[in-house]
Amino acid sequence: MIGQDMLLRISNKLIEKDSFPHILILEGQEGSGRRTISNEIGKMLDSVVIEAGVSVSDVRSMIENCHKMVNRTLHIIPEADTMSVAAQNAMLKVIEEPPNDCYFILTVQNKNALLDTILSRSTHYKMEAYTEQELREYIDTINVDDGTADTMLMLSDTIGQIKQLAEIDVQAFMNYVELVIDNIAEVTGANSFKIAEKIALKKDSDGYDLKMFFKAFMILCLHRMEENKDSLDIVKYSRGLTITSHYLVECGIRGVSKPMLMDNWILDIRKEWMK
Amino acid sequence: MKPSELKSQMKTRSFQSCYVMAGEEVQVRDIYIDKIVEMSGKQRVNAESVKDIYSELRKKSMLGGSKVFVIRNDFEFVDDDKSWKITNDSIIGDNMVILVFSMLDKRKKFYKQFKDDICEFEPLDDRILIKYIKKEIDLSEKNCQTLIGICEKSYARILLEIDKMKSFQQKIDMKADYIFSDFLEGGLLYRPARDCIFEFVDACMSRKCKKAFDLMQESFESGEASLVMISVLYNNVKQTLQLKTCDSKDVSRSTGLTGWQIKCVSPYVSKWQVWELLDAMEILRKCEIGIKTGKIEDCMAMPYALVNIF
């Protein structure tokens with residue numbers, strides 16, 4: 001387990017005092033180690049760890065089973081903020097009166113997607129941001145050259161994101177983003193939509209991650225701004241940076257249509273850069 | 001078996017022990033079932049499935065009084081071919097079983113095996129429907145035809161609409177044809193909502209404003225989600241933009257659109273300016289995000305988008 005020392009220390013103390021919260025909400029972005037730390041807590045609790053689904057039927061069978069469990073059990077509900085209102089309501093009973101040896105960890109990206117009734121009855125913890133040192137430590141465990149390591153550090157905030165980058169050719173990815181920057185305003189409108197062909201806009205489709213693409217675009221815009229300090233192009237890249245940052249935020253909205261996001265980003269950048 | 005053959009059996013009271021009835025014309029079918037029960041003089045028992053009445057079928061009541069078991073939509077029975085013969089052999093005495101299906105899959109073994117025995121009630125011919133309508137209410141032939149079209153040849157729906165008009169006529173002494181025109185104009189004749197999302201998108205892209213709003217309403221009534229409508233409309237807007245801005249001779253290669261997609265959106269290209277299509281894409285995207293973040297209510301998003309696009 002890399003990072004999250006504070007949470008692990010607090011959890012340890014609470015477990016020693018036998019006052020670990022029965023319902024814990026772990027908030028953090030994708031790849032921030034919520035599942036890993038939940039499993040660590042499970043070991044610290046010396047409990048059976050069960051991962052539950054988010055559908056109403058999954059929640060109901062989880063509740064039914066937790067009353068039958070003899071051993072101490074930790075139920076992990078990953079991406080609990082995707083639960084429907086019906087599923088969350090189904091959980092309320094067990095949240096109000098959890099069985100003695102039953103613990104629940106709900107991992108979320110945004111805790112505000114949960115019902116107030118669940119939030120008010122649980123303990124929340126936000127995952128700590130990884131330090132550069134911690135990310136470097138992880139990168140050192142995977143065999144990459146220094147240049148790639150630096151690029152990975154620039155693009156990633158979490159271990160999960162580094163793992164994602166480790167699966168692709170980072171240099172080829174950055175070359176692709178450079179190509180987009182150089183040509184997005186040069187090609188015809190119809191052709192410009194083809195930029196999206198290399199981006200994974202649907203679940204399980206091949207291509208680069210959209211968030212990663214936007215981040216890389218922003219980083220390259222920053223570099224171009226430094227290179228063009230004395231020319232008017234600095235304005236162009238500054239606008240590109242601003243536009244992309246808005247789209248990066250929207251990328252984080254659950255269930256947002258990535259194809260629509262990508263199309264409109266292309267149109268906005270072209271509109272700005274072709275002035 | 002045709003309904004006419006069934007009618008002959010009823011006239012001679014030579015009933016079978018088992019009937020299978022299906023078809024779209026539900027009203028006529030139910031009339032026949034009621035008549036069979038009445039003419040057979042047996043007690044009617046409605047049941048959920050053949051399994052439920054299996055033991056009853058094998059009973060011969062000491063007090064006499066056989067039964068007619070009417071079973072609706074037992075599709076489990078249709079799929080279980082082993083039970084067909086057993087059930088038929090189990091019907092003893094004067095008991096009767098009528099299996100009624102709202103819809104029978106013609107590809108299934110059950111239909112293929114008993115095709116000749118199944119009595120299918122198809123929608124009645126227009127001439128017969130006009131005759132029945134004129135028996136109930138004095139409508140002109142043209143209006144009868146219109147009513148038949150609106151009710152999609154369903155005798156049950158026609159009777160309901162006639163009932164409405166007759167009730168109105170009792171209160172206000174007016175000719176049936178005038179009442180019919182008023183009902184038609186006022187939207188008082190029930191038209192079930194249909195799946196018209198593609199018609200809706202076509203109306204939007206063809207800039208038929210009123211039609212687009214009407215079809216939007218109909219789509220909502222048929223249970224279509226705003227997000228689906230936004231998504232389909234967005235794709236059409238984007239494809240129109242791609243086609244409009246393409247200056248290459250090889251359109252398909254340049255845009256990535258298939259020949260079919262190009263053919264579908266070609267009529268729209270001349271109706272829009274590039275800036276209008278760009279605006280439309282942005283509005284639809286904002287509506288989509290608005291719904292997902294809760295900033296726009298689902299029911300308001302599509303009307304809001306249309307008002308801004310038009």
Side-chain angles (χ1 to χ4, degrees), chain A residues 81-85 88 109-116 183-199 201-203 205 207 210 214 243-244 246-275, chain B residues 225-258 261-262 265-266 269 272-296 298 301-302 305 308-309:
Chain A
D81 48 349
T82 60
M83 278 203 290
S84 63
V85 172
Q88 290 185 55
Q109 287 191 38
N110 175 14
K111 71 171 192 266
N112 294 322
L114 295 174
L115 293 175
D116 287 341
N183 295 293
I184 189 168
E186 307 300 321
V187 297
T188 59
N191 258 324
S192 65
F193 286 119
K194 287 186 172 178
I195 291 169
E197 280 172 12
K198 284 212 170 182
I199 311 292
L201 296 176
K202 297 207 169 144
K203 205 179 171 190
S205 63
L210 182 59
F214 284 153
I243 290 167
T244 312
H246 289 144
Y247 279 91
L248 185 60
V249 167
E250 286 186 5
C251 233
I253 297 170
R254 278 271 189 208
V256 75
S257 167
K258 286 183 182 172
M260 275 197 205
L261 212 63
M262 185 78 202
D263 290 341
N264 279 269
W265 174 81
I266 292 169
L267 292 171
D268 280 351
I269 294 283
R270 280 173 58 83
K271 188 171 149 186
E272 200 54 50
W273 286 8
M274 286 168 83
K275 275 183 192 169
Chain B
S226 295
L227 281 172
V228 173
M229 290 160 73
I230 286 171
S231 175
V232 179
L233 183 57
Y234 178 89
N235 285 336
N236 275 265
V237 170
K238 180 185 168 183
Q239 286 164 13
T240 308
L241 176 68
Q242 283 177 278
L243 195 57
K244 193 159 179 91
T245 54
C246 177
D247 52 10
S248 161
K249 282 186 183 166
D250 190 350
V251 176
S252 190
R253 194 155 165 258
S254 178
T255 59
L257 296 175
T258 62
Q261 286 169 328
I262 293 168
V265 299
S266 294
V269 171
W272 296 84
Q273 303 286 330
V274 171
W275 67 266
E276 289 174 322
L277 292 166
L278 292 171
D279 275 356
M281 281 175 75
E282 194 176 337
I283 289 161
L284 289 167
R285 188 184 72 83
K286 284 191 174 157
C287 285
E288 192 254 349
I289 285 190
I291 292 172
K292 289 192 174 152
T293 54
K295 284 185 181 162
I296 306 178
D298 194 86
M302 202 65 239
N308 280 279
I309 289 169

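A quick note: this is a predicted structure, and the numbers were derived from the prediction, not measured. Below, chains carry the letters A, B, ... as their sequence lines are ordered, and counting in each starts from 1.
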A.B. asks: With only heavy atoms counted, which part of S257(A) is less than 4.5 Å from chain B, the side chain, the backbone, both or neither?
C.D. replies: both
A.B. asks: Find the distance between CD (E186(A)) and CH2 (W273(A)) and round it off to the nearest 0.5 Å.
C.D. replies: 10.0 Å
A.B. asks: Go through the atoms of N235(B) and report whether side chain, backbone, both or neither lie under 4.5 Å from a heavy atom of chain A.
C.D. replies: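 Contact with chain A involves no heavy atom of N235(B) at all.
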A.B. asks: Which bit of E288(B) comes within less than 4.5 Å of chain A, counting heavy atoms only: side chain, backbone, both or neither?
C.D. replies: side chain
A.B. asks: Tell me which of these, P259(A), S192(A), A190(A), G189(A), has more heavy-atom pairs under 4.5 Å with chain B than the rest.
C.D. replies: A190(A)
A.B. asks: In Å and rounded to the nearest 0.5 Å, what is the CD1 to CG distance from I230(B) to L284(B)?
C.D. replies: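 One finds 6.5 Å between CD1 of I230(B) and CG of L284(B).
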A.B. asks: Need one label for E197(A): side chain, backbone, both or neither, based on atoms under 4.5 Å from any heavy atom in chain B.
C.D. replies: neither
A.B. asks: Applying side-chain contact (heavy atoms from CB on, under 4.5 Å) between D263(A) and each of E282(B), Q242(B), M281(B), report the one that passes.
C.D. replies: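 Per the side-chain contact (heavy atoms from CB on, under 4.5 Å) rule, the option paired with D263(A) is M281(B), out of E282(B), Q242(B), M281(B).
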A.B. asks: Tell me, with the steps shown, if K292(B) and L227(B) meet side chain to side chain contact (heavy atoms under 4.5 Å, CB included).
C.D. replies: CA-CA 9 Å; K292(B) 289 192 174 152; L227(B) 281 172; 4.1 Å; yes
A.B. asks: In terms of heavy-atom pairs under 4.5 Å with chain A, which of S248(B), S254(B), C246(B) leads?
C.D. replies: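 The option with the most such pairs is S254(B).
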A.B. asks: Side chain, backbone, both or neither: which part of L241(B) has an atom under 4.5 Å from a heavy atom of chain A?
C.D. replies: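 Interface part for L241(B): side chain.
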A.B. asks: Return the CG to CD1 distance between L261(A) and I266(A), rounded to the nearest 0.5 Å.
C.D. replies: 10.5 Å
A.B. asks: Does the pair R285(B)/E250(A) count as a salt bridge with the N-to-O cut at 4.0 Å?
C.D. replies: yes
